[in-house]
Each structure stands twice: as C-alpha cells, then as structure tokens.
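Notes for the one structure printed next.
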Protein chains: 2
Amino acid sequence: MVDGGAGSPTPGGRADAPRKRADARRNEAALLEAAAAAFLDAGVDVPVRDIAARAGVGVGTIYRHFPTRADLIVGVYRHQVQACAEAAPALLADSVTPHAALTAWIDRFVDFLVTKHGLAGAMSSDTAAFETLHGYFLDRLVPACARLLDAAAAAGEIRPGTDPRELLFAVGNLCAGRAPYYDARRMVGLLVAGLRLR
Amino acid sequence: MVDGGAGSPTPGGRADAPRKRADARRNEAALLEAAAAAFLDAGVDVPVRDIAARAGVGVGTIYRHFPTRADLIVGVYRHQVQACAEAAPALLADSVTPHAALTAWIDRFVDFLVTKHGLAGAMSSDTAAFETLHGYFLDRLVPACARLLDAAAAAGEIRPGTDPRELLFAVGNLCAGRAPYYDARRMVGLLVAGLRLR
DNA sequence: TGGCAAACGGAACAGCGTTCCGTATAGTTC
DNA sequence: GAACTATACGGAACGCTGTTCCGTTTGCCA
C-alpha cells in the first residue's frame, strides 16, 4: 500500500546520495503507513498532528521528511498512480475501440479518486502547497491519457485537439464534490460522451 | 450589487416581525457592502476579521447578523442568483431549440460562478456550514434548470431522466478548479454536449 | 429624560499549519 | 568498548484562522 518513500536513498536508490540513518528510514516508513491509515479514516485533510501521533513521532519529524502535505500524499499514493498510468496500454490493446479504452481508463482513474476522501479536492486546489501534487499526478497520467485520446481521435471517434491535462483536471473536479444525489462516475461519463463526434 | 439583507424586516418586509434598530440595519448593509468588496478582492474565503474591518464593525457583529459564512455569501449574491433563475424562460422562448436555451442558460450560470473566486468551491464543499449555501442555490436554480431539461427532452434532443440537481452540481464542480490551461466553460460545454442523443 | 432591551466590540478560546532549537542517538573512528 | 559528531528527533511556541461570550454602549419608547 505504501512504498519506501519519495526521495529516500534506499540501497537501490541513487548511488551518490548519502545513506540516511536507520531511525530516519524507519520513521519515514512509519509515517507513510500512518498517513495512509489516517487518509482512509479522515481524508487527506486530516490534521498533521493526528498523523504524527499515529506514527508515534513528533510533528517536526513529519516536516523533515515531507516538507509539504503534497509530498506526503504523493508518497502514499504514488504506486497507485503509477499503476493507473501503466494500465493504459493494456486497455488500448484489449478494448474493441479506442474510445472504449479511454472510457475504461478514465473509469479506473475515477474509481481511484472517489475512494480517497478529499484527494480530488486537494488536486484541484490552486494553493501553492498542492502545486506539487497537481504536477505529480499530471506528469504520470497525462502521457497515458494523451495516448488514448490520440488513438480515439485517429480512429475518428472523438474530435481531435483535446488537451489531456484539461480533461484530467476536469475529471478531478467532477470527483471533488460530494452530495447524496451526486454520482461522479455518471457525470464523468457525460463528459467523456461529450468528446464523441456525432 | 447587494440587497437589503436576508431576514431583515425592512418596512416592506414581514409585517409581524419586530423592527430592527437603526444601527443594526445600517451595520447589516455595511457588512453586505464590505463582504461583496472583500469577496471580489480576496475570494469568498476571505477572513472574517477582514470583512469586519472593512465594514468598521467588530467580529461579533458579523456573527449576529450572519451566523454562518454561507448566510453572508447568500446575502451578497442572492440577487444575481435570482436573476439567473429568472432568465431561463426568456431564453427558452428566444432560442431556436431547447438545447440551445439550456446551453445558453448554463453558460450564464458558469459566467456567474467563474467570476466569483472560490464560490464554486464553497458550493461544492460538503461542510455542514455550506449546506445552507448549497441548498439556497439549488432551491432557486433547480426549477429553472428542470424546465430547460424537460423542454429539451420533450424535443427529443437529450436523453430524459437527467437530475437537474446533479447536473448543476457537476457544473459547479467544473467551475471550482483553476489552472492555467483549464477553461471551465469548455469543459462544461463538453458535459452539456454529452447529454445529447446521438 | 430616564430606563431597558437591543446591539455592539473585541478579548478570549480552540484548532490548525509551521518553525525552531535544545536534546537524543546512530554511525564512525580510535 | 569509548568518545565524538553529524544527523535526526520531539514538542513547545508562534501566527493565523473561526467562533463564542460578556461587559459596555446605544437606539428607542414611555
């Protein structure tokens, strides 16, 4: 569920980076574990102190390892984001049409977002602190999305020229809101349907 | 830009309600004025103290007149929301097709939202404090939107059964995010296009 | 003009993110 | 194994929020 940490020079990491102390590596792992649990229980906006308490460390330790909340969020979800990005080629190969692959891939992205309380909101936020988060997601997912869009456009299924960044951001926005009568999946479906040529 | 206040029993208001003191009415007006200016400068999330300072009153006075931030926001924008709702019938009468009227009306709503920093975000928030805001907007705008949707469905332009609340909420979500490459209008256009039967 | 209910102002409190520095300790060197 | 140093830790402290509360002021009416 959680990986070894963002910039941590594990034995397999960057060779020239100085090796971190054992307690530092232990705490980083504990923090990622605690943060993942806290995000699940209380959303990604959970107070920093709560995460620190769960991990059994002081708040200073959080900031040392993860200067911004975005770094922590990225640390927790990087594997899942990566997996989502890597799922695109297979979907493209297995689906009957590129647009079906696009739909399936976006469904997967939406599933990821709606199960993480507040994550979509954080991604959409234009706060400087979340710039990193925004950037990280986009860096990984935009190329995957672009391939799907290109394939669908080449097949004549959708109008060409859609910016994958913009589309993904819109999907994120649609996933950010919660209401009893609101189904983000349905609205995203409408959005993707709107891409189709008629 | 700002009206006389939410529940304020002005001479023309509720007959049985006790008339408020002159300074209270003056302060309520000043607060609405100050809030409108502050929202424009710093978004609807501007600190309460800033609004109080602009209006030349203490923070206690704000809470007396507007128990929640949502009440203040509603007070500031109620006229514009009302006007938006009332524009629907005319659009329906003047447009060549119901779907065109729907598009135009939603464009108007989007224009309203994107020019109010943070308003869409506040509307989408599921915080209890913003329940009021959410409810207010929906109460006014849902009937207007429903008429347009019904007309378009009756004309066979869109699939019937779309929940106007859900659609409006989705539009709000799309307007909540900001990014250099992101154009909420375009994405809302995609969403509305997705409604069309093909 | 006197009195009282209404309204005011801002101090005070609680919860948050963030910084900072005295203290503890892992790793290295002798 | 002991001493030393850079690294890392913990949590108090600070500043900025929303919100409450109560002593003081003031508009209004008799």
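Here is the naming used below: chain letters follow the sequence lines, and residue numbers restart at 1 for every chain. Basis for what follows: all heavy atoms, side chains included, without hydrogens, waters or symmetry-related copies.
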Sequence neighbours excluded, every pair satisfying ring-ring contact (aromatic ring centres under 6.0 Å, His included) that has a member inside residues 81-111 of chain A: none
Euclidean distance, atom CD1 of residue A/Ile62 to atom P of C/dT18 [Å, nearest integer]: 11 Å
Pairing residues for B/Phe130 by the side chain to side chain contact (heavy atoms under 4.5 Å, CB included) criterion, not counting sequence neighbours: B/Arg69, B/Ala70, B/Ile73, B/Ala122, B/Ser125, B/Thr127, B/Leu133
Interatomic distance where NE2 belongs to A/His65 and P belongs to C/dT18 [whole Å]: 17 Å
OP1 or OP2 of D/dC9 under 4.0 Å from side-chain N/O of A/Asn27: yes
Residue pair B/Thr61, B/Asn27: steps toward the side chain to side chain donor-acceptor pair (under 3.5 Å) verdict: CA-CA 8 Å; B/Thr61 302; B/Asn27 278 331; 5.2 Å; no
Closest to the B/Val57 side chain, choosing from C/dA7, C/dG9, D/dC9: C/dG9
Nucleic acid footprint by protein, nucleotides 18-30 of chain D - heavy-atom cut-off 4.0 Å, B for base, S for sugar-phosphate alone: BBB-----BSS--
Residues in side chain to side chain contact (heavy atoms under 4.5 Å, CB included) contact with A/Ala193, at least two apart in sequence or another chain: B/Arg198
Any residue meeting salt bridge (charged side-chain N to carboxylate O under 4.0 Å, His left out) with B/Asp41, in chain and number order, not counting sequence neighbours: B/Arg54
Selection residues 149-170 of chain A - residue pairs positive for side-chain hydrogen bond (donor to acceptor under 3.5 Å, both in side chains), sequence neighbours left out: A/Thr97-A/Glu157, A/Asp163-A/Arg165, A/Glu166-B/Arg186
Whole-Å gap separating C1' (C/dC8) and CG (B/Leu31): 12 Å
